[in-house]
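See structure below.
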Amino acid sequence: MQVHLVDGTYELFRAHFGAPPAKAPDGREVGATRGIMRSMLSLLGEDGVTHVAVSFDHVIESFRNDMYAGYKTSAGVDAELLAQFPLAERATEVLGLVTWPLVEFEADDGIATAAARFKDDPEVERIVVCSPDKDLSQLVEGTRVVCFDRMRGKVTDEAGVVEKFGVGPAQIPDYLALVGDSADGYPGVPKWGAKSSAALLSRYGSIEAIPSDAMLWDVAVRGAPALSLSLETHRTEAALYKQLATLCYDVPMPETLDDLRWQGADRQALTALCRDLGDEGFLERVSHWRT
């Protein structure tokens, strides 16, 4: 079997910016929620999709905001989008999907925990992480744990991670710490770009293992002395950024592998939700109901 782990936050953002706006009978904007319902039902209709879970940032802030003041927050996010997180979580639940609305942790941490928990189960052929988020590339292992960009239909395995970033999955936190991640709000180390970061990490494996003196580097990198000086000046920050980029594998979640098996939508609950959304026509799309 395959286990599909869905980045619900990404799906909701994608629906908000890609699906047409829509108003519920009470006047609320619900277009993104309608969009994610259709997206998840489409996923469930694909061949080999039997075990699914969806992980959400119930709130954008997490424990990482206590570590670094500049880490991403909900500031600037469209209020109509933020208001739909509880609705979207309700939607995936009544569709019959295991749903993790995370508060202290982030959606990516929930996916990381589940991937680590289920990847070695003898019944599992492959873990499919449904998101193009570069942070999640660190979870990839060979062809057994892959990332899947559903919008582009692109599967990225370990060779694909190396091709894209120039480093292996295990080095993604180091890579992001050096180059920065504007989406998560940390800047990286000054002067370090994608090429220099990939070259040094490919040779030495981690930030900590990169020699302090550029004269000791046995890989040719343009501007090596300036890079070395910048890294030595910002090693404390680099260590923090790496910690921010590293996903957690200890999110409390009680579900077993069998719990992730999709057994159909909850007819009564989904009917009530569709009534609230003014989207009763969606019910005609659902062909499998929980008994």
Side-chain angles (χ1 to χ4, degrees), residues 1-15 18-19 32-56 87-102 107-133 136-137 139-158 160-161 251 253-267 269-270 273-274 279 282-291:
M1 73 176 68
Q2 298 186 96
V3 175
H4 288 74
L5 303 173
V6 179
D7 181 347
T9 298
Y10 167 75
E11 288 283 345
L12 188 60
F13 270 77
R14 181 164 76 98
T33 302
R34 290 186 182 188
I36 199 172
M37 288 167 61
R38 284 157 176 76
S39 178
M40 292 300 94
L41 194 61
S42 175
L43 175 65
L44 291 166
E46 296 177 10
D47 289 339
V49 178
T50 58
H51 293 68
V52 185
V54 188
S55 189
F56 284 95
L87 269 179
E89 293 159 4
R90 179 183 168 194
T92 57
E93 287 174 353
V94 302
L95 278 172
L97 301 174
V98 168
T99 301
W100 297 312
L102 302 181
D108 291 357
D109 298 316
I111 291 173
T113 298
R117 178 179 299 179
F118 301 127
K119 67 182 180 180
D120 294 326
D121 190 295
E123 294 185 68
V124 175
E125 176 186 351
R126 188 169 71 158
I127 302 285
V128 182
V129 176
C130 297
S131 176
D133 188 341
L136 291 165
S137 298
L139 304 180
V140 173
E141 292 187 17
T143 58
R144 186 171 179 81
V145 181
V146 300
C147 287
F148 179 37
D149 183 342
R150 296 181 60 222
M151 187 169 69
R152 295 175 175 80
K154 179 177 176 59
V155 174
T156 301
D157 58 11
E158 188 161 347
V161 172
V251 176
M253 49 180 62
E255 287 80 10
T256 66
L257 180 61
D258 194 53
D259 291 329
L260 270 61
R261 182 185 297 276
W262 186 60
Q263 300 185 50
D266 182 326
R267 187 186 295 272
L270 183 57
L273 174 62
C274 288
D279 193 20
F282 177 79
L283 297 168
E284 299 174 4
R285 300 170 177 254
V286 181
S287 58
H288 186 49
W289 300 95
R290 185 179 301 171
T291 55

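In this structure, the separation between CD on Glu158 and OG on Ser137 is 11.0 Å, given to the nearest 0.5 Å. Taken from CG in Leu257 to CD in Glu123, the straight-line distance is 6.0 Å, to the nearest 0.5 Å. One distance of note links CG of Leu43 with SG of Cys130; it measures 5.5 Å at 0.5 Å rounding. The line from CG of Leu273 to CG of Leu95 is 8.0 Å long, rounded to the nearest 0.5 Å. In this structure, the separation between CZ on Phe282 and CG on Leu270 is 6.0 Å, given to the nearest 0.5 Å.
Heavy atoms only, all atoms of each residue included: Ala19 and Gly35 are closest at CB-CA, 4.3 Å. Scanning all heavy atoms of the two residues, the minimum distance from Cys147 to Leu136 falls at SG-O, 3.7 Å. Heavy-atom minimum distance, Ala32 versus Leu12: CB-CD1, 3.6 Å. The two residues Met37 and Ala91 come nearest to each other via the heavy atoms CG-CB, 3.5 Å. The two residues Val94 and Ala269 come nearest to each other via the heavy atoms CG1-CB, 3.5 Å.
Side-chain contact check for Arg126 and Gln2: at least one donor-acceptor pair (N or O, by modelled atom type) lies under 3.5 Å.
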Trace of the side-chain hydrogen bond (donor to acceptor under 3.5 Å, both in side chains) decision for Glu255 with Trp100: CA-CA 10 Å; Glu255 287 80 10; Trp100 297 312; 3.0 Å; yes
Worked verdict on Arg14 versus Met151 for side chain to side chain contact (heavy atoms under 4.5 Å, CB included): CA-CA 9 Å; Arg14 181 164 76 98; Met151 187 169 69; 3.9 Å; yes
Verdict with reasoning, Ile36 to Phe56, per side chain to side chain contact (heavy atoms under 4.5 Å, CB included): CA-CA 12 Å; Ile36 199 172; Phe56 284 95; 3.9 Å; yes
Verdict with supporting geometry, Val3 and Val128, side chain to side chain contact (heavy atoms under 4.5 Å, CB included): CA-CA 6 Å; Val3 175; Val128 182; over 6 Å; no
Side chain to side chain contact (heavy atoms under 4.5 Å, CB included) between Glu89 and Val54, intermediate numbers included: CA-CA 9 Å; Glu89 293 159 4; Val54 188; over 6 Å; no
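Arg117 places a side-chain N or O within donor-acceptor distance of the main-chain N or O of Met253, the cut-off being under 3.5 Å. Put simply, the side chain of Arg150 gets close to the backbone of Ser39: a donor and an acceptor are under 3.5 Å apart. Judged by distance alone, the side chain of Thr113 and the main-chain N or O of Asp109 form a donor-acceptor pair under 3.5 Å.
In summary, Arg144 and Glu141 do not engage in a salt bridge, as defined by a charged side-chain N under 4.0 Å from a carboxylate O. A salt bridge links Asp279 to Arg38: one of the charged nitrogens lies within less than 4.0 Å of a carboxylate oxygen.
Using a 4.5 Å heavy-atom threshold, the side chains of Glu11 and Met40 count as touching. Here the side chains of Asp259 and Thr256 are in contact, with some heavy-atom distance below 4.5 Å.
Of the listed residues (Leu5, Ile111, Asp108, Ile127), just one forms a side chain to side chain contact (heavy atoms under 4.5 Å, CB included) with Leu139, and that residue is Ile111. When each of Leu97, Val98, Val49 is paired with Trp262, the side chain to side chain contact (heavy atoms under 4.5 Å, CB included) condition holds for Leu97 and for no other. For the side chain to side chain contact (heavy atoms under 4.5 Å, CB included) test with Val155, the passing option among Thr143, Asp149, Val146 is Val146; the others fail.
Within a 6.0 Å radius of CD in Glu46, more than 12 heavy atoms belonging to other residues, nucleotides or ligands are found.
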